[in-house]
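To start, the structure under review is shown below, and the notes come after it.
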Amino acid sequence: MLDLKLIRENSALVKQAIANKNEKANIDNILELDETRRVAQFNFDQMKAEQNKVSKEIGMRKKNKEDASDLLAKMPEVAAKIKELKQTLSEADEALNEAILWVPNLPHESVPVGKSEDDNQVIRQWGEKPSFDFQPQDHVVIAEKNNLLDLERGAKLSGSGFPVYTATGAMLERALINFMLDLHITKHGYQEMMVPTIVNPSAMKGTGQIPKLKGDMYHIEEEDMYLIPTGEVPLTNFYAGEILKNKDLPQKFVGFTNCFRREAGSYGKYTRGLQRLHQFNKVEMVRFVKPQDSWNILEEMVQDAEDVLQALGLHYRVLKLCTGDTSFASAMTYDLEVWAPGADKYLEVSSVSNFVDFQARRANIRFRNYEGKVEFLHTLNGSGLATPRTIIAILENYQNADGTFNIPEVLKKYIPTLN
RNA sequence: GGAGAGGUGGCCGAGCGGCUUAAGGCGUGCGCCUGCUAAGCGUAUGUAGGCUAAUCCCCUACCGAGGGUUCAAAUCCCUCCUUCUCCGCCA
């Protein structure tokens with residue numbers, strides 16, 4: 001969330017930023033709620049100070065065996081008044097806290113203003129589109145010919161969007177996950193984490209999925225818990241509510257998790273094969289850094305994700321998202337899009353974001369700086385990578401005329417039947 | 001799921017209705033002293049909100065979370081979360 005002081009003192013700027021992000025948070029309402037809350041706080045503090053003073057006096061008199069009945073007589077009224085003020089205060093608090101959760105992060109000033117994905121900027125490309133002397137097939141066809149997927153039986157078990165990876169398909173998926181984890185651990189220095197896939201509402205609030213994206217997630221009613229839409233949630237909330245030591249920063253986590261998304265309302269979008277799933281696998285990178293470092297780290301993380309695609313030999317491009325396409329909690333986001341010759345388009349396989357102190361404020365993650373003062377830290381995350389579309393790209397880029405495909409060199413040692 | 005014992009400041013740990021503005025210790029910062037080091041002495045040392053020129057003072061909240069009793073709650077009562085031990089169930 002945003003600093004209330006910032007909203008108070010720069011409301012025009014905040015309003016403009018919200019408009020640029022295609023969001024609709026009501027800043028005037030928040031300013032009113034803030035004012036109401038501060039008045040309530042003031043009234044409560046005053047009355048409470050009075051009560052503390054008199055209560056102390058009563059204690060003194062009783063200790064000295066003096067009569068305190070005159071004070072005692074008027075105190076129930078004060079206590080009742082305090083109860084009332086406390087109620088008013090907590091209502092004001094609640095209203096403000098609820099409202100501010102709907103305010104998105106401010107986009108960084110360098111983020112291009114734009115309405116939709118059409119306004120995103122291509123920053124750079126790597127490699128080039130492969131050429132084929134035959135008509136390249138789409139990944140579903142290749143998967144079928146090589147017994148890699150069983151989408152129908154997945155649908156039988158769960159529904160559409162829940163693929164079964166079969167035989168070499170399963171091994172390829174596992175190989176890819178292990179390869180990516182190993183790369184980030186050994187080459188980029190991340191610490192591996194294995195985290196829960198089901199989290200509580202407070203974690204979801206911490207990273208910004210709640211309240212805005214509540215409907216996009218699977219909810220377990222019995223326990224009031226959520227299936228994570230991304231490893232970002234448990235990894236970032238790992239330090240929720242804590243004050244880290246200066247020497248504990250920076251920290252870099254990488255973790256493999258299943259991800260679950262309801263994808264409600266995405267009917268009509270391109271969903272063939274592995275393109276858009278309810279359950280998929282992802283290796284996620286999360287960083288906790290000092291505020292002054294986060295913009296450099298963002299660039300570094302994009303490179304970490306790019307390394308995966310480069311090692312796999314897949315042509316891709318890097319996009320800087322415009323304000324309208326930058327997610328609720330992010331200040332700046334780069335997307336990596338890999339080329340899929342069968343589908344004849346670029347597919348998003350990674351999203352790398354700097355949240356600055358937005359998530360840290362929500363999740364209350366702070367650190368003691370070198371002066372010993374407590375400060376919110378900055379969080380970043382990036383996919384490194386999501387597997388389904390990476391698999392699509394591998395199959396389609398490495399396909400042969402006879403319908404078979406080659407395994408990228410770096411994955412071979414992870415496939416048991418090849419060793 | 002059942003029974004019992006806990007959850008206090010950076011850490012250990014006392015307190016179990018008002019003398020706690022949370023004892024004491026450890027750690028840490030600063031100062032003094034000591035011709036090094038160690039020890040010693042003094043002093044400071046939480047987070048958040050308000051007030052303010054101010055990281056001074058002052059006021060308020062916070063002793064796992066939320067309610068309640070009381071003039072007054074770390075302390076009493078209730079609910080929940082969580083840790084440990086034992087039992088049950090179980091991959």
Side-chain angles (χ1 to χ4, degrees), chain A residues 1-9 30-101 194-206 210 220-226 234 237-249 251 258 288 291 357-358 360-377:
Chain A
M1 62 186 160
L2 297 183
D3 186 1
L4 254 175
K5 273 195 188 118
L6 178 81
I7 297 179
R8 220 182 278 150
E9 288 157 17
I30 285 172
L31 291 174
E32 263 174 50
L33 290 170
D34 176 46
E35 186 57 32
T36 306
R37 193 204 63 86
R38 280 191 295 160
V39 168
Q41 178 82 56
F42 180 80
N43 292 338
F44 174 78
D45 284 359
Q46 292 274 303
M47 196 54 73
K48 194 68 188 165
E50 168 71 11
Q51 185 190 53
N52 286 347
K53 211 177 90 190
V54 178
S55 285
K56 198 165 278 182
E57 174 66 18
I58 291 171
M60 290 292 288
R61 287 204 199 169
K62 291 214 165 182
K63 188 180 138 198
N64 298 330
K65 311 264 191 228
E66 291 168 9
D67 178 46
S69 54
D70 57 325
L71 297 179
L72 279 169
K74 67 171 189 179
M75 287 315 277
E77 196 187 333
V78 173
K81 187 81 186 158
I82 284 175
K83 200 167 181 177
E84 218 175 277
L85 291 170
K86 189 180 177 185
Q87 177 70 19
T88 308
L89 176 59
S90 62
E91 277 167 13
D93 249 330
E94 206 175 312
L96 179 62
N97 290 337
E98 155 68 19
I100 203 168
L101 286 179
M194 208 171 271
V195 290
T197 328
I198 298 177
V199 301
N200 58 34
S202 144
M204 284 299 182
K205 208 188 297 176
I210 283 182
I220 300 165
E221 192 142 357
E222 190 91 351
E223 315 282 350
D224 190 18
M225 302 270 272
Y226 293 88
N237 281 286
F238 183 76
Y239 284 123
E242 299 192 32
I243 299 175
L244 304 185
K245 297 192 176 96
N246 190 53
K247 67 175 168 66
D248 290 337
L249 292 180
Q251 294 228 19
N258 296 299
F288 301 88
D357 60 356
F358 188 83
R361 282 180 189 279
R362 287 193 165 225
N364 198 22
I365 310 172
R366 294 171 294 176
F367 77 105
R368 213 171 281 283
N369 64 24
Y370 69 97
E371 290 179 294
K373 286 185 187 164
V374 175
E375 234 187 298
F376 287 105
L377 48 74

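Since the structure is predicted, the reported quantities are computational estimates derived from the model, not experimental observations. Chain A is the first sequence line, chain B the second, and so forth, proteins listed ahead of strands; every chain is numbered from 1. The basis for the numbers below is simple: all heavy atoms, side chains too, and nothing from hydrogens, waters or symmetry mates.
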Spacing of the [atom1] atoms in [M] and [N] (rounded, Å):
N     : M     : atom1 : result
B:G24 : B:G18 : C1'   : 22 Å
B:C89 : B:U28 : C1'   : 49 Å
B:C62 : B:A22 : C1'   : 12 Å
B:U83 : B:U43 : C1'   : 38 Å
B:G7  : B:G64 : P     : 8 Å
B:U55 : B:U47 : C1'   : 14 Å
B:A23 : B:G15 : P     : 14 Å
B:G68 : B:A72 : P     : 12 Å

For a quick check of understanding: with a heavy-atom distance under 4.0 Å over all strands, which category does [X] fall into, base, sugar-phosphate or nothing?
X        : answer
A:Lys74  : nothing
A:Gln46  : nothing
A:Arg37  : sugar-phosphate
A:Ile58  : base
A:Lys53  : nothing
A:Val374 : sugar-phosphate

Under 4.0 angstrom between A:Asn52 side-chain N/O and B:U21 OP1 or OP2: no

Presence of A:Lys48 side-chain N/O under 4.0 Å of B:G49 phosphate oxygens OP1/OP2: no

Under 3.5 Å donor-acceptor, A:Asp357 side chain and A:Ala360 backbone: no

A:Asn52 side-chain N/O to A:Ala49 backbone N/O, donor-acceptor pair under 3.5 Å: no

Nucleotide forming a Watson-Crick or wobble pair with [N], both distances under 3.5 Å:
N     : answer
B:U79 : B:A65
B:C32 : B:G40
B:G4  : B:C84

Decide yes or no for A:Asp67 and A:Arg61: does some side-chain heavy atom of the first lie under 4.5 Å from some side-chain heavy atom of the second? no

If I take atom CD in residue A:Gln41 and atom P in nucleotide B:A48, what distance separates them, rounded to the nearest angstrom? 14 Å

Test item: side-chain donor near acceptor, A:Glu50 and A:Gln46, under 3.5 Å: no

Any chance the side chains of A:Asn364 and A:Arg366 put a donor and an acceptor closer than 3.5 Å? yes

